[in-house]
Amino acid sequence: MELMPAGIIAKKQLLALEERFIYLKVGEYVIMPDHIHAILVLSNTSDNHTSPAALHEIVCVFKSLTSRICRQNYGIEKLFQRSFMEHIIRDKEDYEIRKRYIYENPVRWYYRHTFQL
């Protein structure tokens with residue numbers, strides 16, 4: 001799937017989260033024309049004085065920076081919805097299900113939007 005300008009900005013900001021949050025690793029992800037799926041891996045920090053930001057804070061930073069750049073560069077006013085879906089991956093089987101869903105999502109989206117009745 002070829003990314004449009006807003007998608008390119010979203011990808012750059014998603015991957016930059018690893019630099020902003022040292023305890024965050026961006027795993028599998030896909031940026032779709034109308035949504036994003038990503039596995040975000042949070043680890044414990046070695047510094048007991050700071051705790052990792054809550055997932056909602058990480059997502060807020062991502063949405064804020066991506067929206068600001070898209071608004072400045074392309075005049076896009078509304079990019080994201082307020083909420084987001086989250087799921088805690090508990091084991092390897094759950095991880096494999098989520099990973100497969102992410103990899104297969106572009107094909108499902110294409111068929112759903114190409115062959116709509």
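At least one side-chain heavy atom of Y29 sits less than 4.5 Å from a side-chain heavy atom of L15. Using a 4.5 Å cut-off on side-chain heavy atoms (C-beta onward), V30 and I36 make no contact. The side-chain heavy atoms of W109 and H35, taken from C-beta on, include a pair separated by under 4.5 Å.
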**Study point:** Residue pair L42, F21: steps toward the side-chain contact (heavy atoms from CB on, under 4.5 Å) verdict
**Key:** CA-CA 9 Å; L42 301 173; F21 302 97; over 6 Å; no
Practice item. Quick one: do I39 and Y95 satisfy side-chain contact (heavy atoms from CB on, under 4.5 Å)? Show the steps, please. Key: CA-CA 9 Å; I39 295 176; Y95 171 78; 3.8 Å; yes
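K63 contributes no side-chain N or O that, together with a main-chain N or O of L65, makes up a donor-acceptor pair within less than 3.5 Å. No donor-acceptor pair under 3.5 Å is formed between the side chain of E19 and the backbone N or O of A16. Looking only at distances, a side-chain donor or acceptor of R108 sits under 3.5 Å from a matching main-chain atom of Y101.
We find that R100 and E96 are not joined by a salt bridge, their nearest charged nitrogen and carboxylate oxygen being 4.0 Å or further apart.
Minimum interatomic distance between I88 and D94 (heavy atoms only, all atoms of both residues): O-OD2, 3.6 Å. When all heavy atoms of I102 and E28 are compared, the pair lying nearest together is CD1-O, 3.8 Å. Taking all atoms of both residues into account, the shortest heavy-atom contact from A6 to I76 is CB-CD1, 4.1 Å. For the residue pair V26 and L14, the shortest heavy atom distance occurs at CG2-O, 3.4 Å.
Applying the 6.0 Å contact sphere to NZ of K78 captures more than 12 heavy atoms from other residues, nucleotides or ligands. Few gaps surround CD on Q72; more than 12 heavy atoms of other groups in view lie less than 6.0 Å from it.
Atom SG of C70 is separated from atom CD of E77 by 11.0 Å, given to the nearest 0.5 angstrom. Note that CD1 of I8 and CD of Q13 are 13.0 Å apart. Values are rounded to the nearest 0.5 Å. The SG atom of C60 sits 11.5 Å away from atom CZ of R82, with the distance rounded to the nearest 0.5 Å. The NZ atom of K11 lies 7.0 Å from the CD1 atom of I31; values are rounded to the nearest 0.5 Å. Rounding to the nearest 0.5 angstrom, the gap separating the CZ atom in R71 from the OG1 atom in T66 is 11.0 Å. Note: F62 CZ to L40 CG = 9.5 Å, rounded to the nearest 0.5 Å.
Y74 pairs in a side chain to side chain contact (heavy atoms under 4.5 Å, CB included) with only one of the listed residues (L79, I9, I69), which is I9.
Under a hydrophobic-cluster definition in which Ile, Leu, Val, Met, Phe, Trp and Tyr are linked whenever side-chain heavy atoms come within less than 4.5 Å, directly or via other members, Y103 and L3 are assigned to different clusters.
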